[in-house]
Amino acid sequence: MRKSKKKKRRIQPYTIEKQAPHLKGLNRKGKLSIFLGAGISVSCGLPDWGGLLTSLHEVADAREAHYADDDDVANMARAVFAESFNSVVADCLYRDGLEISESALAIVKSGVRSMVCFNFDDVMEEIYQSECIQHRVVLNGEKFNLITTM
């Protein structure tokens, strides 16, 4: 019996030149989602996670809050500020203002309507709104349809 020699197929990494048309096609069909983190917000002048924690720590210190250690600043702040926690976080995030970055605006104008954002801010929602582009926000725990596009 003769053994068949299977030719090993070598997988070539795609170059950006090969990926771009495919990604554009997915975007046109409403099937492209992007994942965003703090970089997009930092590019708009907001603090990163460490900066936000430092600000929360400063605000809590001003209220003479007592907490176990610096590693638990977010939980301590949630306990100290209770009902006003979201407002305090917003104040810490936006205290130095917000400037729409070229990268954030490029995402909004790219046609991408599906994104997953791990940030505490609403920079992208604000930009979509300011550009009068329809968007839908899905918050933690809400159900959403992965098939339907806007």
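FYI, the numbering just counts along the sequence from 1.
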When rounded to the nearest 0.5 angstrom, what is the spacing between [atom1] in [X] and [atom2] in [Y]?
| X | Y | atom1 | atom2 | answer |
| --- | --- | --- | --- | --- |
| R28 | L23 | CZ | CG | 11.0 Å |
| Y94 | C44 | OH | SG | 9.5 Å |
| L32 | N27 | CG | CG | 5.0 Å |
| S55 | D96 | OG | CG | 7.5 Å |

| message | Do V89 and V59 sit in one hydrophobic cluster, given that two such residues count as connected whenever their side-chain heavy atoms are within less than 4.5 Å of each other, even indirectly? | response | yes
| said: Could you see if F85 belongs to whatever hydrophobic cluster contains W49? Use Ile, Leu, Val, Met, Phe, Trp, Tyr and a side-chain cutoff under 4.5 Å. | reply: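 They do share one cluster, since a chain of ILVMFWY contacts under 4.5 Å joins F85 to W49.
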Return the minimal non-hydrogen interatomic distance between [X] and [Y], and the atom names on each side.
| X | Y | result |
| --- | --- | --- |
| K18 | P21 | O-CD, 3.6 Å |
| S41 | N119 | OG-ND2, 2.8 Å |
| L36 | M115 | CD1-SD, 3.4 Å |
| G51 | P47 | C-CB, 3.9 Å |

Test item: [X] side-chain N/O and [Y] main-chain N/O as donor-acceptor pair under 3.5 Å:
| X | Y | value |
| --- | --- | --- |
| D121 | L93 | no |
| R113 | V108 | yes |
| S84 | S87 | no |

| message | Does E99 have more than 12 heavy atoms from other residues, nucleotides or ligands lying within 6.0 Å of its CD? | response |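 Atom CD in E99 is not crowded, with 12 or fewer foreign heavy atoms closer than 6.0 Å.
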| task | For side-chain contact (heavy atoms from CB on, under 4.5 Å), just list the numbers for V123 and I40, CA-CA rounded to whole Å, side-chain angles, deciding distance to a tenth of an Å, and then say yes or no. | result | CA-CA 8 Å; V123 168; I40 199 69; 5.8 Å; no
Show me the side-chain donor-acceptor pairs of residues 124-132 shorter than 3.5 Å, one per line, residues at least two apart or across chains.
from: Y128; atom 1: OH; to: V112; atom 2: O; distance (Å): 2.5
from: S130; atom 1: OG; to: E126; atom 2: O; distance (Å): 3.4
from: S130; atom 1: OG; to: I127; atom 2: O; distance (Å): 2.9

| message | Do L105 and E102 make a side-chain contact, defined as non-hydrogen atoms from C-beta onward lying under 4.5 Å apart? | response | no
| task | Apply side-chain contact (heavy atoms from CB on, under 4.5 Å) to T54 and H57, showing your working. | result | CA-CA 5 Å; T54 298; H57 197 191; 5.5 Å; no
